[in-house]
Engineer: 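Supplied in structure tokens, the structure appears directly below.
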Protein chains: 2
Amino acid sequence: MTTSIKDVARAAGVSPATVSRALGKGPVSEALRAQVLEAVRATGYRPNLAARRLRSQESGTIGLVLADIGNPFFTGVARAVEAAAYEAGLRVLLCNTDEDPAREAAYLALMQEERVAGLILAPTRATAEGLAEAPPAMPVVLIDRPGPPGLFDSVLLDNAGASAALVDYLVAQGYRRIAGLFGQTSGTGVERAEGYRAAMARHGLAPALRFVLPQVEAAEAGFAALCQQGRPEAMITSNSLLLMGLLRAARGAGLRIPADLALAGFDNEPWTGLVEPGITVIEQPLEAIGRQAMALLLERLRTPSAPVRKVMLSGRAILRGSTASAPPRPQSSTKTPPPSSFTL
Amino acid sequence: MTTSIKDVARAAGVSPATVSRALGKGPVSEALRAQVLEAVRATGYRPNLAARRLRSQESGTIGLVLADIGNPFFTGVARAVEAAAYEAGLRVLLCNTDEDPAREAAYLALMQEERVAGLILAPTRATAEGLAEAPPAMPVVLIDRPGPPGLFDSVLLDNAGASAALVDYLVAQGYRRIAGLFGQTSGTGVERAEGYRAAMARHGLAPALRFVLPQVEAAEAGFAALCQQGRPEAMITSNSLLLMGLLRAARGAGLRIPADLALAGFDNEPWTGLVEPGITVIEQPLEAIGRQAMALLLERLRTPSAPVRKVMLSGRAILRGSTASAPPRPQSSTKTPPPSSFTL
DNA sequence: CTGAAAGCGCTTACAG
DNA sequence: CTGAAAGCGCTTACAG
């Protein structure tokens with residue numbers, strides 16, 4: 001059917017082994033290499049990767065299993081992973097689980113069948129919990145979402161710290177009744193909720209939080225639930241889809257931002273700076289997350305027995321109009337204008 | 001190393017051929033099948049896809065080569081393609097060229113090396129032009145962007161018609177000096193520019209257009225260029241990144257929309273409805289594009305000699321505040337409020 | 001229905 | 001440096 005290494009060998013007047021060496025790293029004389037290359041051009045030969053992988057027992061591929069390719073956070077990380085993989089001479093097999101543990105399981109099986117060298121994975125909570133009992137057959141680096149402690153290399157944002165910083169800032173701006181809406185499918189949502197809870201407690205404030213599916217519609221419902229016992233002065237959320245949902249719901253309710261409701265969340269997506277007022281967000285270092293994950297994976301492949309590493313990256317708060325100072329209270333003092341961003 | 005079909009055969013007390021048949025579609029007695037399945041579970045066997053592909057000469061995979069995975073248009077199409085492929089029992093190999101013809105060429109070669117059954121491709125202009133002389137070795141369905149006429153199945157928006165409709169609508173709203181900013185890397189940008197030019201001519205208006213790279217920054221520069229000879233009353237653009245750039249530039253220049261400048265573009269991204277005023281856009285049927293492309297590819301695989309098909313899909317205009325009526329002119333008549341959307 | 005054997009297209013010790 | 005041969009893990013005619 002298609003041309004094989006034999007056809008090239010015949011055309012070049014050499015053995016198949018020589019063709020293989022000329023195309024790979026084997027030792028070949030310059031003269032023969034030139035003959036082979038010419039024959040490759042003449043025949044239009046393209047190596048068959050399935051055969052190469054089967055024989056060499058190396059896939060030259062890593063897997064990247066993400067929860068939602070429509071989320072710019074993951075798109076950004078994927079770009080960085082792909083760039084780093086390319087530089088390392090590896091290909092990336094990208095899969096999108098859509099936050100569905102069943103699809104996730106299917107893709108993990110697929111990765112195994114493809115014999116990928118390693119895996120970069122942003123697991124759903126369900127999968128993250130199962131990872132301890134049924135670990136994948138290849139090295140795994142977790143990103144964005146925590147797994148069972150101490151078992152896998154991971155690259156995470158300081159999630160609790162970031163949402164605590166958001167609470168601290170809102171409190172400094174004069175807000176007190178601060179509610180939180182968090183994604184229920186990821187460990188990230190859980191960690192951010194914990195940071196929120198801890199910071200609220202530290203300030204002596206009562207927490208009011210809800211967990212929902214990370215979807216725009218779910219956030220609109222969550223908004224209503226959070227307003228059940230009187231409207232909060234501010235809301236924070238763990239995910240940009242939820243942030244969009246809250247904004248829509250607030251507008252639908254005719255609320256002015258931030259006068260009636262302050263808003264803050266995660267991920268500095270373009271739209272958060274385009275709406276008016278702009279929305280205060282924690283910007284995650286997408287590029288660094290992707291590259292760091294790839295670096296950890298490469299080291300793990302090189303040294304399987306090295307101790308497990310957990311890399312915590314810091315975000316940056318982008319301060320915008322959605323969290324401008326709350327209306328003055330009796331006890332509040334005068335404030336200087338806030339900085340427009342700070343590192344956590 | 002990892003368990004193979006031989007290990008399963010030994011554990012089940014059958015031949016490797018029987019294992020293969022039990023796992024595939026071959027005829028096997030129920031008793032043996034059960035034994036095999038049990039042995040598979042016991043051994044934790046996972047088939048080696050490289051071996052399977054090599055032997056069966058079927059990759060069970062199609063390639064999807066896109067220009068920009070960060071663009072929600074392509075993300076949406078990719079989801080639809082993947083869903084349709086899954087239903088057809090095929091996998092999808094997704095590659096992102098970033099509008100770079102060199103990367104595109106590398107990925108097309110890779111697709112060949114992976115022996116994918118077929119390809120769904122959104123080509124850059126450079127690649128689209130070369131497709132006639134150097135056609136890929138497998139069936140190709142073009143999406144979003146035109147290729148050499150009559151050579152490949154394709155699924156396209158009626159690009160010229162859509163941008164003409166935008167011009168018509170702006171004219172009906174009372175705008176006259178309408179400028180256009182178009183992406184220069186894709187045939188789509190060219191077609192949309194043509195539709196713009198034709199519609200302007202039909203209305204007896206002078207066109208003013210620029211081609212730029214499909215990037216936010218390039219659009220900001222393009223904005224300045226279009227304002228060189230006096231500011232237009234309205235601008236249309238062929239791409240959502242360019243639309244974002246125009247909006248930023250307009251705001252940076254302190255322009256009110258639509259009073260100082262009306263704005264319209266393509267792709268109904270969430271942010272276009274979140275900014276105020278909302279931006280008028282042509283919404284493309286992402287799901288239909290992806291599914292139609294997959295359908296064409298499947299038919300092509302079934303009937304290689306069938307005549308080439310070109311499917312033109314229609315978009316839907318989403319009318320928002322960014323194109324509200326222009327300030328009345330002497331000759332303009334009274335208008336009824338516009339509908340909020342219409343099909344092209 | 002079942003098994004023994006051949007072979008997909010490569011790479012890689014093994015000789016020379 | 002070069003070639004002949006073996007073999008990666010499967011599937012699939014070919015017999016039975």
Side-chain angles (χ1 to χ4, degrees), chain A residues 1-37 39-40 43-61 89 91 109-117 137, chain B residues 1-37 39-40 43-61 89 91 109-117 137:
Chain A
M1 188 69 212
T2 53
T3 69
S4 84
I5 208 170
K6 279 188 186 174
D7 304 305
V8 179
R10 201 172 306 128
V14 300
S15 74
T18 296
V19 175
S20 175
R21 292 192 187 102
L23 261 30
K25 52 202 165 194
V28 197
S29 68
E30 270 317 306
L32 284 197
R33 183 187 302 277
Q35 280 179 49
V36 168
L37 262 31
V40 165
T43 56
Y45 169 73
R46 290 273 102 199
N48 181 320
L49 291 184
R52 180 175 285 178
R53 288 186 187 124
L54 174 58
R55 173 57 230 230
S56 70
Q57 298 287 78
E58 288 179 358
S59 67
T61 300
R91 282 202 32 233
L110 175 68
M111 291 296 166
Q112 165 74 285
E113 298 180 1
E114 295 279 8
R115 304 295 193 265
V116 298
Chain B
M1 187 70 210
T2 54
T3 69
S4 83
I5 207 170
K6 279 189 188 175
D7 304 305
V8 179
R10 202 173 305 128
V14 300
S15 73
T18 295
V19 174
S20 175
R21 292 193 187 101
L23 261 31
K25 52 200 164 194
V28 197
S29 68
E30 270 316 305
L32 284 197
R33 184 186 302 276
Q35 280 179 48
V36 168
L37 262 30
V40 165
T43 56
Y45 168 73
R46 289 273 103 200
N48 182 321
L49 291 184
R52 180 175 286 178
R53 288 187 186 124
L54 174 58
R55 173 57 229 232
S56 69
Q57 299 287 78
E58 286 178 359
S59 67
T61 300
R91 282 202 32 234
L110 175 68
M111 291 298 167
Q112 165 73 287
E113 298 180 1
E114 295 280 9
R115 303 294 193 265
V116 298

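A, B, ... follow the sequence lines: proteins, then strands. Residue 1 opens every chain. Everything numeric here is computed off the predicted structure, so don't read it as measured data. Heavy atoms only: backbone and side chains are in, while hydrogens, waters and symmetry mates are out.
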Engineer: Nearest to the A:Arg55 side chain among D:dC10, C:dA13, C:dG9, which nucleotide is it?
Structural biologist: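 Closest of the options to the side chain of A:Arg55: C:dG9.
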Engineer: So which one's nearest nucleotide on DNA chain D is more toward 5', B:Arg21 or B:Ala50?
Structural biologist: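 Upstream on the strand: B:Ala50.
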Engineer: Does C:dG3 have OP1 or OP2 sitting under 4.0 Å from an N or O in the side chain of B:Thr18?
Structural biologist: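 For B:Thr18, the contact criterion (side-chain N or O under 4.0 Å from OP1 or OP2 of C:dG3) is met.
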Engineer: Across the strands shown, which category fits A:Arg53 at heavy-atom distances under 4.0 angstrom: base, sugar-phosphate, nothing?
Structural biologist: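 Here A:Arg53 touches no strand at all.
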Engineer: With respect to the phosphate group of D:dT11, does any side-chain polar atom (N or O) of B:Arg52 fall under 4.0 Å of OP1 or OP2?
Structural biologist: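 Result: yes.
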Engineer: In dot-bracket notation, what is the pairing pattern of DNA chain C, taking Watson-Crick (N1-N3 plus N6-O4 or O6-N4) and G-U wobble (N1-O2 and O6-N3) contacts under 3.5 Å, with [ ] crossing and | for other strands?
Structural biologist: |||.||||||||.|||
Engineer: What I'd like to find out is whether the side chain of B:Val14 reaches to under 4.5 Å of the side chain of B:Val36, using heavy atoms alone.
Structural biologist: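 They are in contact (side-chain heavy atoms under 4.5 Å apart), so the answer is yes.
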Engineer: Rounding to the closest angstrom, what is the interatomic distance between D:dG9 and D:dA13 at atom P?
Structural biologist: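 The same atom, P, in both gives a distance of 23 Å.
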Engineer: OP1 or OP2 of D:dG9 versus the side-chain N and O atoms of A:Gln57: is any pair under 4.0 Å?
Structural biologist: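 Affirmative; the distance criterion is met.
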Engineer: Can you see if the side chain of A:Ser15 gets near the phosphate of D:dG3 - specifically, an N or O under 4.0 Å from OP1 or OP2?
Structural biologist: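 Answer is yes, contact under 4.0 Å.
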Engineer: Considering only atom C1', compute the distance from C:dT12 to C:dG16 and round it to an integer number of Å.
Structural biologist: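 Straight-line distance between the two C1' atoms is 16 Å.
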Engineer: According to salt bridge (charged side-chain N to carboxylate O under 4.0 Å, His left out), who are the partners of B:Arg33, at least two apart in sequence or on a separate chain?
Structural biologist: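 By the salt bridge (charged side-chain N to carboxylate O under 4.0 Å, His left out) rule, B:Arg33 matches B:Glu30.
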Engineer: Given D:dC10, D:dA4, D:dG9, identify the nucleotide with an atom nearest to the side chain of A:Leu54.
Structural biologist: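 Comparing D:dC10, D:dA4, D:dG9 against the side chain of A:Leu54, the answer is D:dG9.
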Engineer: Could you please name the option among C:dT11, D:dG9, C:dG9 that lies closest to any side-chain atom of A:Ser56?
Structural biologist: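 Selected nucleotide: C:dT11.
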Engineer: So, is B:Ser20 near the phosphate of D:dT11, with a side-chain N or O under 4.0 Å from OP1 or OP2?
Structural biologist: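 Affirmative; the distance criterion is met.
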Engineer: Can you give me every donor-acceptor pair (side chain of residues 48-56 of chain B, partner residue at least two apart or in another chain, under 3.5 Å) with its distance?
Structural biologist:
residue : atom : partner  : partner atom : Å
B:Asn48 : OD1  : B:Ala50  : N            : 2.9
B:Asn48 : OD1  : B:Ala51  : N            : 3.1
B:Arg53 : NE   : B:Ser59  : O            : 3.1
B:Arg53 : NH1  : A:Glu114 : OE1          : 3.2
B:Arg53 : NH2  : A:Glu114 : OE2          : 2.8
B:Ser56 : OG   : B:Arg52  : O            : 2.8
B:Ser56 : OG   : B:Glu58  : N            : 3.3

Engineer: Name all residues meeting the side-chain hydrogen bond (donor to acceptor under 3.5 Å, both in side chains) criterion together with A:Ser15; count only those two or more places apart in sequence or in a different chain, and write none if there are none.
Structural biologist: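 Once residues adjacent in sequence are excluded, the partners of A:Ser15 under the side-chain hydrogen bond (donor to acceptor under 3.5 Å, both in side chains) criterion are A:Thr18.
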Engineer: Output the rounded distance in Å from CD (B:Gln112) to P (C:dG9).
Structural biologist: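 To the nearest whole Å, that distance equals 13 Å.
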Engineer: For A:Arg21, enumerate each residue passing the salt bridge (charged side-chain N to carboxylate O under 4.0 Å, His left out) test, keeping only those at least two apart in sequence or located in another chain.
Structural biologist: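 Checked A:Arg21 against salt bridge (charged side-chain N to carboxylate O under 4.0 Å, His left out); zero matches.
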Engineer: Taking the side chain as every heavy atom from C-beta outward, state whether A:Asp7 and A:Ser4 have any pair of such atoms under 4.5 Å apart.
Structural biologist: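 They are in side-chain contact.
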Engineer: For DNA chain C, find the residues of residues 27-36 of chain B with a heavy-atom distance under 4.0 Å and give them by number; none if there aren't any.
Structural biologist: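 The stretch gives B:Pro27, B:Val28, B:Ser29, B:Leu32 as the residues lying under 4.0 Å from the strand, ordered by number.
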